[in-house]
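A quick write-up on the structure given underneath.
We use all heavy atoms of the structure for the numbers below, so side chains are in, but hydrogens, waters and symmetry mates are not. Throughout, residue positions are numbered sequentially from 1 according to the sequence presented.
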Amino acid sequence: MDARNFMNSSMNSTTSDYNSVFTKTVLPPLYCCIFLAGLTLNCLAAWMFFRIPSQTSLIVYFKNIVVADLFMTASFPFKIVNDFGLGVWYLRVVVCRYTAVVFYLNMYTGIIFLGLISLERYVKIVKPPGASIIQNVTFSKALSTATWVLMMILLVPNIILTSKEATEDTSKKCIQLKTDLGVQWHKVSNYACIAAFWVVFVLMFFCYASISKTIYDSYKKFRRNNTESRRKSKRNIFSLLVVFFICFVPYHACRIFYTLSQTINSFSEQTKYVLFHIKEGTLFLSALNVCLDPVIYFLMCKSFRDLLLERFSKKAADSRRKSLTAPYSESIL
Ligand SMILES: Nc1ncnc2c1ncn2[C@@H]1O[C@H](COP(=O)(O)OP(=O)(O)O)[C@@H](O)[C@H]1O
């Protein structure tokens, strides 16, 4: 069966179910892999950060990302079982009403924290000396709490308003389970989240452009020719940017069109079908973020790296013992 025939038969079988081989048999095993890897890496990261005092804003933001990633990972099994078609139809309702919203809530909270980390790095590298409020630990804790509260206020109504009585047929699309106000809230919260993403995107672009310039100027000024340290600094600081691009840009480039296709009627079934598949494919890249964030902790947070190496390498433990008097600190790069 060629792709077009497959698509037609898939759409004709039931006009309200866009699932296909891709969403039912390709993506679920991939989600299984990132669930296992994400759970292991984030439990390890949580265990490590539990031992590192919140002495800097950077560590505070990283700890919040670990929490968001753990919640996000916890939502995967529901999606996996549902997409494999292993659960009862009501599981689809649970996914629409609860676990998908938990997924998005933690994804966007994580995105905002990545933005705050970029801002903190910008202040630390481009704007020294003198402490800025953004580097104040108490302020960053308050800002973190405010971020969680704000995101919950914006996104929890997507749970409450997914309250229409469900049938096996209507549960095939989450939007059909929403009240009229629920559909409106879905639209508004989606656009607000997409806007928040692009604001963070622009902020990161600005911060990293300024950081690059500062690093370049400083290498020029001191005429250092240490290519190895230069390579490492760049690798560490740009890891966040690379992860952000891979995971979130593809999804946000398509989500706006997908949300339009959910909420207005002028899209053909074929376009909706294609948009659904692009959304599911790019959403997988966003989910992959739970495995890539721990790489950022390792590359950008010296306390985390030192503690990890201390636990896993005898040699590193010896060298750390020598510097035990030094306080915990994160590396600039
Ligand atoms: N950005 C978001 N923030 C919070 N909840 C969201 C967001 N996007 C979608 N949701 C919610 O997650 C559930 C699944 O949404 P969606 O992925 O659009 O549905 P579908 O799986 O039918 O394509 C819905 O309840 C929806 O309101």
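Remark: C254 pairs with no residue by the disulfide bond (SG atoms under 2.5 Å apart) rule, at least two apart or across chains. Residues meeting the ring-ring contact (aromatic ring centres under 6.0 Å, His included) test with F49, sequence neighbours left out: Y297, F304. Every side chain to side chain contact (heavy atoms under 4.5 Å, CB included) that A46 has, sequence neighbours left out, goes to V66, L70. Residues passing the salt bridge (Lys or Arg N to Asp or Glu O under 4.0 Å) test with K213, sequence neighbours excluded: D217. With sequence neighbours excluded, no residue forms a side chain to side chain donor-acceptor pair (under 3.5 Å) with T99. Listed by chain and residue number, E269 satisfy the salt bridge (Lys or Arg N to Asp or Glu O under 4.0 Å) test with K272 (two or more places apart in sequence, or in another chain).
When each of V81, T23, D83 is tested with P28 by the rule side-chain contact (heavy atoms from CB on, under 4.5 Å), just one qualifies, namely D83.
Applying the salt bridge (charged side-chain N to carboxylate O under 4.0 Å, His left out) rule to pairs touching residues 134-146 yields nothing, sequence neighbours excluded. Pairs of residues two or more places apart, or lying in two chains, that qualify as ring-ring contact (aromatic ring centres under 6.0 Å, His included) and include a residue from residues 73-107 are Y31-F76. Applying the salt bridge (charged side-chain N to carboxylate O under 4.0 Å, His left out) definition to pairs two or more places apart or across chains, those involving residues 276-285 are K79-E280. Every pair passing ring-ring contact (aromatic ring centres under 6.0 Å, His included) that includes a residue from residues 164-214 is listed here, sequence neighbours excluded: Y122-F206, F197-F244, F197-H252, W198-F201, F201-F245, Y208-F238. The list of salt bridge (charged side-chain N to carboxylate O under 4.0 Å, His left out) pairs with a residue in residues 148-168, not counting sequence neighbours, is empty. Contacts classified as salt bridge (charged side-chain N to carboxylate O under 4.0 Å, His left out) and involving residues 177-187 (residues at least two apart or in different chains) are not found.
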